[in-house]
Amino acid sequence: MLEEIKALGANIDEGLKRFMNNSALYERCLKKYIAQAEKCNMLDEIQSGDFESAARSAHTMKGVASNLSLTPLYELYAEVVLRIRENNTEGLEEIAEKCIKIEKEFCDVISKYQ
Amino acid sequence: MDKDIMIIVDDQEINRDLLKEIFNDSFKILTAENGQEGINLINRNKSRIAAVLSDLIMPDVDGFDLLNWMNKNNLINSIPVFVITSADDFDMLNDCYKFGVVDTIAKPFMPEFLKKRIQNVIELYKMRSKLADIVVNQEKELISQAKRLKEQDAKLLNMNRSIVDMLATVIEFRDCESGEHVKRIRTLTVLILCEYIKSHPDCGITIADLLNIADASVLHDVGKVAIPDTILCKPGKLTKEEFEIMKTHTLEGCGMLENIPQIFDSELYSYCYDICRHHHERWDGKGYPDGLKGDEISIWAQVVSIADVYDALVSKRVYKDAYAPKKTLEMIFGGECGEFNPELLDCFKAICDTVESFYNGMEIDLMQVAYDCYKNIQN
């Protein structure tokens with residue numbers, strides 16, 4: 001599994017270090033990411049103009065993704081948080097959509113090992 | 001109690017699992033999904049918590065609410081709190097420190113560094129609480145030492161009292177008729193002196209002084225043990241020579257006290273000495289042995305003089321019958337027994353009804369009299 005998500009851009013060397021080279025724990029936590037992602041309504045919130053909630057959701061996912069070293073997701077969620085904070089919502093939806101799309105790729109890989 | 005619990009508060013299960021994994025081998029880990037659960041866990045385990053690791057942004061009760069609660073319950077100084085957050089807002093992190101957080105740690109973190117940072121602080125808190133324990137124990141030891149000293153002090157004071165009583169008893173046996181005299185003097189002294197203190201609240205006599213003076217008054221005639229029986233118990237008027245010998249009881253008493261100063265604490269001793277020596281001085285300077293005049297005579301020696309004269313007059317003695325109280329007062333106020341301080345005579349006048357009741361058998365609680373007197377002054 002780790003090799004496959006590495007191919008999607010995850011920094012698994014850093015991630016393993018973070019999980020003290022306990023790859024089983026790392027994978028267990030990665031599996032929990034799916035449920036976490038399902039709970040996140042960031043895109044809906046952006047589309048309905050509720051930016052405050054969207055920032056909160058993105059912030060949470062940013063933290064989780066960073067801990068798991070899912071670097072591309074971390075960067076996109078961070079971008080969403082930053083833009084909302086700076087009141088720069090132009091093109092925000094596109095970024096969010098891109099984020100969700102990549103997230104789905106990660107989740108598809110991970111769910112194969114459930 | 002050993003601090004073996006670490007509390008992890010984070011709404012993300014992944015974060016909780018990761019932190020749990022890092023500290024699992026060092027602590028018993030309790031996890032909470034939000035601030036309220038965290039508060040409950042802290043509340044239940046207060047004395048066993050080595051550290052709290054908390055996220056900031058959580059649904060409902062968040063990290064700041066938890067910090068607020070810890071501040072309100074005085075726990076923030078005894079339990080180290082680390083905020084672990086991906087929030088990078090400067091003001092928010094600054095607020096954490098204002099709330100008493102030990103350190104803020106940014107997500108994502110490196111476990112090795114996190115472990116070291118947190119363990120260092122926990123060690124520091126351990127040392128601090130050990131030091132606090134040492135101080136508390138030393139304080140306890142000091143308090144118990146002070147208590148022992150106080151007990152010894154009370155024992156000594158009691159011993160002094162019994163010595164005073166013993167000496168007073170000796171005088172009773174020796175002085176043929178004035179048996180209860182010395183004890184009545186104590187009561188009269190307290191009554192008159194309290195009246196004086198009430199009308200002169202600034203006279204500087206404390207309640208401790210008052211009690212010492214009361215004890216000392218008992219010994220005013222201690223020198224009489226040195227007077228020959230033939231004079232002390234002579235029925236009838238003394239000759240001039242005999243009276244001169246009788247007068248020496250004041251100085252004889254001082255001589256005796258000079259030989260035993262170490263048994264009285266210094267203040268009691270000085271009152272004893274002064275009263276013994278000067279209870280026959282008179283306001284106009286016509287008393288003995290030193291011929292002191294007016295304010296040269298201490299107020300307590302003057303009080304004992306009046307008490308002594310009153311008691312001698314109303315009591316039957318070998319050389320005279322008892323005078324009626326009314327007659328006695330007339331004699332004292334009329335100057336037949338020598339001049340007294342007019343202010344003290346006023347005080348005596350104010351309490352003469354109480355004194356008469358006392359001589360008719362009314363019990364008087366001197367501690368209560370003293371207590372009421374000082375309560376009066378304070379009000």
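First the proteins, then the strands, lettered A, B, ... as listed; each starts at 1. On a predicted model such as this, the values are computed, not experimentally measured, just so you know.
Between the Y77(A) side chain and the G63(A) main chain, no donor and acceptor come within less than 3.5 Å of each other.
Interface summary for chain B: among L30(A), V81(A), L25(A), the most heavy-atom pairs under 4.5 angstrom belong to L25(A).
Other residues, nucleotides and ligands contribute more than 12 heavy atoms inside 6.0 Å of the CD atom of E151(B).
Interface residue K62(A): only side-chain heavy atoms are found under 4.5 Å from chain B. For I22(B), the parts lying under 4.5 angstrom from a heavy atom of chain A are both the backbone and the side chain. Interface residue Y33(A): backbone and side-chain heavy atoms are both found under 4.5 Å from chain B.
With hydrogens and angles left out, the side-chain atoms of S69(A) and E14(A) include a donor and acceptor closer than 3.5 Å. With no hydrogens or angles considered, a side-chain donor-acceptor pair links N22(A) and E21(B) at under 3.5 Å.
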